[in-house]
Amino acid sequence: MIPNRLTEALNDQIKNELESAYIYLSMAAYFHSQGLDGMAHWMRCQAHEETIHAMKFMDHLIDRNTPVTLLHLKQLKTEWHSASEAWKEAYAHEQFITAKINALTAISREEKDYQSEPLLAWFAKEQIEEEATSSKIAGEMEMVGDSKSALLMLDRELGARTFPPGSPFDPAAYASAT
Ligand code: FEO
């Protein structure tokens with residue numbers, strides 16, 4: 001069993017990761033409404049990744065014979081003033097998640113739960129990538145400014161991200177499902 005204090009924080013992190021998926025799906029819907037289907041597609045791919053992150057934490061609790069508690073997800077924002085604002089928020093959100101992973105690592109050490117460290121080390125590394133990617137796109141959006149042609153080029157580029165095969169977030173995967 002995982003110590004209580006860490007169990008609570010890990011259950012909270014399952015919620016944070018699912019909330020991340022919600023945030024990115026909400027941004028996907030917003031981007032679709034703005035005609036930015038490439039950005040919407042990128043956000044759907046990201047929502048897939050966040051759901052996997054939640055499952056990794058959930059499986060860790062199950063493997064350690066520790067109770068899983070799925071917490072309440074709050075109502076999230078559905079509108080942004082601009083695509084650029086949404087990307088800035090995506091970057092800020094990844095910074096928030098990094099702080100949560102760091103706090104979990106600190107708790108696991110304080111509670112001497114060394115078996116949680118490999119998973120948290122994986123997430124620490126993952127967050128370097130997640131922050132770098134969202135920060136890069138947020139920066140590119142700043143450079144795009146008011147240029148519609150640059151915005152369309154970036155939208156096309158982001159639309160090239162690929163889903164893992166069979167992802168339920170990929171419209172092509174469920175279009176043919178019964
Ligand atoms: Fe699961 Fe984007 O952090």
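For ligands, and for the atoms within them, numbers begin at 1 and follow the listed sequence. These values consider heavy atoms only, across backbone and side chains, with no hydrogens, waters or symmetry-generated copies.
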_Atom name, H53 (N, O or S, nearest to atom 1 (Fe) of ligand 1)_ = ND1
_Less than 4.0 angstrom from a charged side-chain N to a carboxylate O is my criterion; do E49 and R161 meet it?_
yes
*Between F31 and W80, is the ring centre distance below 6.0 Å?*
no
*Identify, by name, the N, O or S atom of E50 lying closest to atom 2 (Fe) of ligand 1.*
OE2
*Specify whether an N/O/S atom of E94 falls short of 2.8 Å from atom 2 (Fe) of ligand 1.*
yes
*Look at E142 together with K88 and state whether they make a salt bridge at an N to O cut-off of under 4.0 Å.*
yes
*In E17, the N, O or S atom nearest to atom 1 (Fe) of ligand 1 is which?*
OE1
_Close aromatic pair by centroid cut-off 6.0 Å: H93 and F96_ = yes
*Please name the atom of E130, restricted to N, O or S, that is closest to atom 2 (Fe) of ligand 1.*
OE1
*Do E140 and K136 meet the salt-bridge criterion of a basic N to acidic O distance under 4.0 Å?*
yes
